[in-house]
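All values reported here derive from a predicted model rather than from experimental measurement. Basis for what follows: all heavy atoms, side chains included, without hydrogens, waters or symmetry-related copies. Naming convention: chains lettered A, B, ... in sequence-line order (proteins, then strands); numbering from 1 in each chain.
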2 protein chains.
Amino acid sequence: MGRGVTLRDVADRAGVSSRTVSNVVNGYAPVAEATRARVQQAVDELGYRPNVLARNLAAGRSGQIAVVVPYLDTPYFSELLQGIIRAARIQGYNVLIDQTDGDAEHEKLFLSRGSERLLFDGVIFSPLGLAQADLAGRDPSLPLVVLGERVSDGGFDHIGIEDVTASREATEHLIGLGRRRIAAIGDQPYRTGEAAQLRTRGFRLAHERAGLPVHEELIVSTPRFNRSDGAAAMAHLLDLAEPPDAVFCYSDLVALGALRTLASRGLRVPEDVAVVGYDDIEDGRYANPSVTTISPDKKLIAETAVERLLNRITSSTPVPGQEIRAPHRLIVRESTVGREAGQAGQAAREVPRQPAEEGRH
Amino acid sequence: MGRGVTLRDVADRAGVSSRTVSNVVNGYAPVAEATRARVQQAVDELGYRPNVLARNLAAGRSGQIAVVVPYLDTPYFSELLQGIIRAARIQGYNVLIDQTDGDAEHEKLFLSRGSERLLFDGVIFSPLGLAQADLAGRDPSLPLVVLGERVSDGGFDHIGIEDVTASREATEHLIGLGRRRIAAIGDQPYRTGEAAQLRTRGFRLAHERAGLPVHEELIVSTPRFNRSDGAAAMAHLLDLAEPPDAVFCYSDLVALGALRTLASRGLRVPEDVAVVGYDDIEDGRYANPSVTTISPDKKLIAETAVERLLNRITSSTPVPGQEIRAPHRLIVRESTVGREAGQAGQAAREVPRQPAEEGRH
DNA sequence: ATGAAAGCGCTAACAC
DNA sequence: GTGTTAGCGCTTTCAT
């Protein structure tokens, strides 16, 4: 049953050469209708299945792309991954997953090793531990698309949203609500925390434009962007002499953690503290209260990443690196404006609604 | 830089045959120390990297396993996947991901095609659309481990938890709390809804043992196990003349959706309605209220799945299919017992605690 | 302990 | 249009 039936077997059976069988199977060169039928019949009878490995070896390509993310169980990445897999499959590519746990060494290894040469034809990479500078040490022959906040050096494509703008908008939303002691959770002042730093910049910029002072003690750093970090940071903020009346969280996960702490302390959201997140993961839409957030166009990011990468892979001439900006929106939900009157008691099949949506960019 | 340096190049450089280089690189046969050093030096100088494809073709294995799940963005699967990738990597295997969207045809295709012969050496498969019977039509030569609620037919290994027992325990927990109108969300009475049916059986069993009647109108079916299904089902239940005072949800996602509806309706959890979930995903631990749940040992499931699969792959003799039961626990959290006194106002870095934990099985 | 050589199964020049 | 054939880069008997 398909075990070990080779192209040659089919060729013998059909009384043609392996070349012709190859052509029939791949639809490459034109083949006479009579021959094609004969070959096809032999293929069916023998249950022939091409050996992908051999094909790839001969063709010098693997038909696989690798996706490297820090954490797989982070909703943002799994949602992105889902889009990437769908897009890749349409183009006939398989997707190999690697998870780095944010470890810089692991990430570096992945880029430097053409090691797995031919195991994958290109990489979609979402660095975390890696600093911009580390990207320089990569294998230049490896087609690469980077997601997140690194900047293209010309040798790869980079896709991201306008972090500074988005963060400014998020903060302005809070300011517009009349909040004046606004905290920020997620800053990462060290070398590789570039995403975080952009968000902090936007946070400051919003204050600046509004002529408001930034309360430095309300900017708290976290090692990661996850729930427990958010919960701990929120606890810290609430223990301050003058706690914040609003929080801009650098991820929805952080926001969810913060909400958890607020609930434990018996504080009301948004009355006592308004909360904004970042990423628009599904958890945030169903959280209680639902989370106001910056929503990057993940589907577009995924599709563009695949498209650019395949373009790089198949192009015979070097492709100049592009900086690509994906659009984002601020989605306003309960964690900043509260539950709208009448939202309780809806029709049976109705899903929690997003009270308002404001398109930007 | 690594482009096209072959074994033969290294051999020439070191003045040995390619056989010897192969031995050195793979550490197979014993090699004289002097030769090994010379070869190693040539390898380093030339920046030689083995071509995985060629190696695999020659060796007749791909060094890859495929993992097939219905949805990637479902936390339960992404958490599982994370464990699988880690375990596989330790054994030197790469992981190829496929997402079926629960489509039975897609799932069937995957099993029947030795199509991608040699693209992966085996499959870890979490079927959803596929019924037990469909598993029979698979390529018998493909090493297979099935996760979830199908039963091994002897040709593959199956890993799952005791669904009936777990569901009974979850329901008994609710009964023990004095609830008498207990609903169940997630039943799937059709052919392929086997996981759901087991849970419904456990649900009934608990009632039976307690000498309590099952309120049939409180068992509601859902197409999937996700948040929106849970939210809609809960809305339906609340619109009944006699709404439930407790709900057993067949996944944490369903529970999260239900919680969302309850909050929108202004109902208190657990005072008005107690909620139990299934899967123990991270969202549930940080939800507000945190979700009491059945916690399968995901790490063990992932590791066992990889171990069994690799065993199948490397074994020269046929391995009889095994039925493997992974342990589970009922983890009691706020959604059934409420917030413990004094939980509000804890130390800064403290993460929301699980009020109580009860080991079972 | 090491070398020579035959494939693994397919693709793609190169001929006819 | 179709056959011939030389690899793709590595593993692996079989000698030595």
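Listed nucleotides: D:dC10, C:dC10, C:dG9. Nearest to the side chain of A:Leu57: C:dG9. With distances taken from any side-chain atom of A:Ala32 to the nucleotides D:dC10, C:dT2, D:dG1, the minimum falls on D:dG1.
For C:dA1, the OP1/OP2 oxygens have no side-chain nitrogen or oxygen of B:Thr35 closer than 4.0 Å. The side chain of B:Asn26 places an N or O atom within less than 4.0 Å of a non-bridging phosphate oxygen (OP1 or OP2) of D:dT11.
At a non-hydrogen distance threshold of 4.0 Å, A:Arg19, A:Ser22 from residues 12-22 of chain A come into contact with DNA chain C.
Rounded to whole angstrom, the span from the CG atom of A:Leu119 across to the P atom of D:dG9 amounts to 15 Å. For the pair A:Asn23 CG and D:dT4 C1', the computed distance is 14 Å after rounding to whole Å. Rounded to whole Å, atom P of C:dC8 lies 18 Å from atom CZ of A:Arg55. Between the CG atom of B:Asn56 and the P atom of D:dC8 there is a distance of 18 Å, given to the nearest Å.
If you check the side chains of B:Arg36 and B:Asn23, you find no donor sitting under 3.5 Å from an acceptor. Side chains of A:Ser62 and A:Asp121: a donor on one and an acceptor on the other come within 3.5 Å. Side-chain contact of B:Glu323 with B:Ser152: a donor-acceptor pair under 3.5 Å is absent, judged by distance alone. Judged purely by distance below 3.5 Å, without hydrogens or angles, the side chains of A:Asn311 and A:Glu307 never pair a donor atom with an acceptor atom.
Distance alone, capped at 3.5 Å, places no donor-acceptor pair between the A:Arg61 side chain and the A:Asn56 backbone. Using a distance-only test at 3.5 Å, with no hydrogens or angles considered, no donor-acceptor pair links the side chain of A:Thr74 to the main chain of A:Tyr76.
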Completion exercise
Read 5' to 3' with Watson-Crick or G-U pairs under 3.5 Å, [ ] for crossing pairs and | for partners on another strand, DNA chain C gives ||||||||||||||||

